[in-house]
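Quick notes on the structure that follows.
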Protein chains: 2
Amino acid sequence: MKSEKISDAVVRRLPVYLRFLSELSMREVATVSSQELGQKLDLNPAQIRKDLAYFGDFGRKGIGYDVSYLIEKIRQILNLDQQINVALVGAGNLGQALSNYNTYLKDNMKIVAVFDASPSKVGQKINSLTIQPIEDMVETVQRLKVRIGIITVPDVEAQRVADQLTSAGIEAILNFAPTILKVPSEVRLHAADFTTDLLSLAYYLDNEKENDKHDA
Amino acid sequence: MKSEKISDAVVRRLPVYLRFLSELSMREVATVSSQELGQKLDLNPAQIRKDLAYFGDFGRKGIGYDVSYLIEKIRQILNLDQQINVALVGAGNLGQALSNYNTYLKDNMKIVAVFDASPSKVGQKINSLTIQPIEDMVETVQRLKVRIGIITVPDVEAQRVADQLTSAGIEAILNFAPTILKVPSEVRLHAADFTTDLLSLAYYLDNEKENDKHDA
DNA sequence: TAGATTGTTAATCGATTAACAATC
DNA sequence: TAGATTGTTAATCGATTAACAATC
């Protein structure tokens, strides 16, 4: 464990490694090289080796990486060797969709509470969790030791929710609302706004510009 | 219009600019400086000026940017001055959630077709669109001139769907399935996998490591 | 031993930021 | 004219990739 600063880019690749390694594990593949990983994940093998080497010497020269061991190590690095409690704020369509991934993401991440501002939603069940009024959020987050909040409320409410989550002592927020949130620097914030993704894709559409290319 | 290569990072910021500018426009703000933009969007003003300058001289020295004009220009850059037809493949919870954003994202992007593999879903309505069998996908995509596909099917089906969309001549894919897809280089692919986002957030959780810090 | 593959250093590449002349 | 702010060049910073000694 060297005490270098690990960049965001590196951290965001770890779950990708983890996912593919789990697949290998299910196929009972015992060992994998950075070469093979790179091929499957469209990444440079040197980059993969470097990423992993930040956290320890997980590989064996001439052999590669032991799949099970590497899975264990990456899970440790990502704090997934313990249960991480998550709260979902906003029980609309998107919130419901995410809560369904609960079983899927059982990398020890668990949605333990769901909140919504609308009285008509409160009391309903969503995957065995009862939707709670947003007024109970601070208290419940603290009681259940929720560490990550997922925001799926309309954009005009997102900042208020973020503020409340922050005051409840949340450590990280995944924000699906299409708006830039301001949170104190000790709260980790990630924007997961797919409208941005979708609009930026449009840039790459051909637009028949190519038709003009009748070059010599 | 200089013919420099524009980086992905630049393109992904354009929709963020656009969104905030629209907000300003609704508030009837006529002019904005890179300074103000940077403040609101947590970006360096020089970066914003540089981003915009790739595409033209949109600002006025000493004054700033005309909000309406800049909106128009960014929409042109992103090809949003024409209707872009989108197909949604996978009518599960996530697919339904995304289709609800249809009204919201009416930046000329429109979901014009929804497909699902499950016979029980086919024929049902989702926001006034009838869910079609996935077998009709290639034909429908071509007939309706769909240019962007959104994949929200289970990960094991995602590659097959991507292949079919590709063969139908789609230009870009937004993939929500947690798997790495392979598509030909002429198809623009963006991964919108929130499980990756969520797992990477866990890295930043405190984990009481800080308690050990009793330094001199 | 020969072949394979890691971990790491150095080289390269690309993106961000600072600085400032131009000019509204 | 004085103040503000752009567009752009140069400087900096950071991330990716190549190369290779170490070693299984």
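Chain identifiers are assigned alphabetically (A, B, ...) following the order of the sequence lines, protein sequences preceding nucleic acid strands; residue numbering begins at 1 within each chain. All heavy atoms count here, side chains included; hydrogens, waters and symmetry mates do not. All values reported here derive from a predicted model rather than from experimental measurement.
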Could you tell me which residues satisfy side-chain contact (heavy atoms from CB on, under 4.5 Å) with [X], sequence neighbours excluded, listed by chain and number?
X         : value
Gln83(A)  : Asn85(A), Lys110(A), Val112(A)
Lys182(B) : Asp42(A), Gln159(B)
Thr31(B)  : Ile63(B)
Asp193(B) : Arg19(A), Pro178(B), Thr195(B), Thr196(B)

With [X] via side-chain hydrogen bond (donor to acceptor under 3.5 Å, both in side chains) - residues at least two apart:
X         : result
Glu36(A)  : Ser33(A)
Arg60(A)  : none
Gln96(B)  : none
Arg143(B) : Glu139(B)

- Task: Quick one: which residue pairs count as a ring pair (Phe, Tyr, Trp, His ring centres under 6.0 Å) with a foot in residues 70-98 of chain A, not counting sequence neighbours?
- Result: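 Matches after skipping sequence neighbours: none remain.
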- Can you sort out which residues in residues 20-33 of chain B have a heavy atom within less than 4.0 Å of DNA chain C? Ascending by number, please.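 When residues 20-33 of chain B is checked for heavy atoms under 4.0 Å from DNA chain C, there are no hits whatsoever.
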- Query: Dot-bracket for DNA chain C: what is it, with Watson-Crick or G-U pairs under 3.5 Å, [ ] where a pair crosses earlier ones, and | for a pair to another strand?
  - Reply: ..||||||||||||||||||||||
Atom pairs, N/O to N/O, protein against nucleotides 18-21 of chain D, distance under 3.5 Å?
unit_1	atom_1	unit_2	atom_2	d
dA18(D)	OP2	Asn44(A)	ND2	3.3
dA19(D)	N6	Arg49(A)	NH2	3.2

